[in-house]
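Counting starts at 1 for both ligands and their atoms, in listed order.
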Amino acid sequence: MTSRHLNHRGIDRRRFLVGAVQATGLLLLTGCDNLSRTDWFQGLLGRAEGVTRRAQRILTSRKAMAKEFTEADLSPVFPANGTRNPDNPAYQALARHNFADWKLEIGGLVQHPASFSLAELRELPSRTQITRHDCVEGWSAIGKWKGAPLSTLLARVQPLSSARYVVFHCADPDEDGQNYYESLDFADAFHPQTILAYELNDQTLPIAHGAPIRLRVERQLGYKMAKYVMRIELVESFETIAGGRGGYWEDQGYEWYAGI
Ligand SMILES: Nc1nc2c(c(=O)[nH]1)N[C@H]1C(S)=C(S)[C@@H](COP(=O)(O)O)O[C@H]1N2
Ligand SMILES: [Mo]
């Protein structure tokens, strides 16, 4: 059994929500669901203006920035959680050469499929951010992340108009052979604080934290922050991928939208 299972085993939905609220001090918002229900209800009442204002507010809130901290706020230790070293021979071979042979593939519903080496990612304009990571297990840590904005890469590959989600395929399988994966909609994918991080606290990203790159999507909970990202796929729907719910933990009942 992997540590992934040991860590999250036994957390039922209610405890998960309580944990999330404790961890963040904020209520979870289920954005899309709220919007469609509000739309429907307001439409019924015939108050179209109210709908527009509410929709606007939700969309505006999706653009808000996560709080950023200072060096003085950095946690003395940033815990590693879930997989700490992928049980995958191909990954281990890449790690032995410091990921010099690793390439990030970006494909699916894009005009120009492309792949990027670690050196190429490091040459792109970078963003550095000091943010708080909130895990549903009830711990938080503040770390400094440096990486390439995902928006830069998406602009390179040119998503087709049918693309709606960005899926992150990871290197670590569980004991059933199911690899970790995650997905974002475009609001989060193009958010300025969404980066593919290759440094933590001014050091090369350690394997325990997702080397060579891990996703940071700062207004979401920890389980959205895919480590060991190998391939990015743009899709219209994630229903045909793995359990069909858009992520490894989502397939086991967690909320797909873990935004705060
Ligand atoms: N590939 C992969 N990504 C993952 C996980 C994992 O097990 N595998 N665990 C998730 C969870 S639950 C959390 S809290 C964070 C932990 O990141 P850290 O190890 O850098 O603290 O990674 C997330 N991304
Ligand atoms: Mo987590």
Closest heavy-atom approach to atom 23 (C) of ligand 1 among Ala197, Ala226, Gly82, Gly222 is made by Gly222

Over 60° means perpendicular and under 30° means parallel, so classify the ring planes of Trp139 and Phe78, tilted if in between.
-> perpendicular

Is ligand 1 less than 4.0 angstrom away from at least one heavy atom of His133?
-> yes

Are a donor atom and an acceptor atom from the side chains of Ser115 and Glu105 found within less than 3.5 Å of each other?
-> no

Does an N or O from His209, backbone or side chain, lie closer than 3.5 Å to an N or O of ligand 1?
-> yes

Trp145, Tyr180, Tyr181: member with heavy atom nearest to atom 2 (C) of ligand 1 | Tyr180

Distance only, no hydrogens: is a donor on one side chain within 3.5 Å (strictly under) of an acceptor on the other, for Asp174 and Tyr248?
-> yes

Cut-off 3.5 Å, side chains only: do Asp251 and Tyr181 have a donor facing an acceptor?
-> yes

Within the side chain of Ser151, is there an N or O that forms a donor-acceptor pair under 3.5 Å with the backbone of Phe190?
-> no

Under 4.0 Å to a heavy atom of Tyr228 - the qualifying atoms of ligand 1, by number = 1 (N)

Given ring pair (Phe, Tyr, Trp, His ring centres under 6.0 Å), test Phe99 with Tyr91 step by step and report yes or no.
-> CA-CA 9 Å; Phe99 302 103; Tyr91 177 88; 5.5 Å; yes

Between the side chains of Ser140 and Asp134, is a donor N or O closer than 3.5 angstrom to an acceptor N or O?
-> yes

Under 3.5 Å: N/O of Lys227 near N/O of ligand 1 = yes

Under 4.0 Å from ligand 1, counting heavy atoms only, is it the side chain of Tyr248, its backbone, both or neither?
-> neither

Enumerate the atoms of ligand 1 whose separation from the nearest heavy atom of Ala80 is less than 4.0 angstrom.
-> 19 (O), 21 (O)

Cys135 heavy atoms, cut-off 4.0 Å: which ligand 1 atoms fall inside?
-> 14 (S)

One finds that the ligand 1 atoms under 4.0 Å from a non-hydrogen atom of Trp139 are 14 (S), 21 (O)

Under 3.5 Å side-chain donor-acceptor pair for Gln158 and Arg156 = no

Any non-hydrogen atom of Tyr254 lying under 4.0 Å from ligand 1?
-> no

May I ask you to check if ligand 1 and Arg214 share an N or O to N or O distance below 3.5 Å?
-> yes

Could you tell me whether Arg164 and Glu239 have a side-chain N and a carboxylate O separated by less than 4.0 Å?
-> no

Distance-only side-chain donor-acceptor flag, His209 / Arg84, under 3.5 Å | no

So, does Arg231 use its side chain to make a donor-acceptor pair with the main chain of Leu104 at under 3.5 Å?
-> no

Give the atoms of ligand 1, by number and element, whose distance to some non-hydrogen atom of Cys170 is under 4.0 Å.
-> 1 (N)

For Tyr223, the ligand 1 atoms whose distance to one of its heavy atoms is below 4.0 Å | 10 (C), 11 (C), 12 (S)

Strictly under 4.0 Å, does any heavy atom of Pro79 approach an atom of ligand 1?
-> yes

Pull out every atom of ligand 1 sitting under 4.0 Å from any heavy atom of Met225, numbered as shown with elements.
-> 22 (O), 23 (C), 24 (N)

Do Asn85 and Gln92 have a side chain donor and acceptor closer than 3.5 Å?
-> yes

Polar atom proximity, Asn81 to ligand 1 (N or O, under 3.5 Å) | yes

Min N/O separation Thr83 to ligand 1 under 3.5 Å = yes

Quick one: does Ala208 get within less than 4.0 Å of ligand 1, heavy atoms only?
-> yes

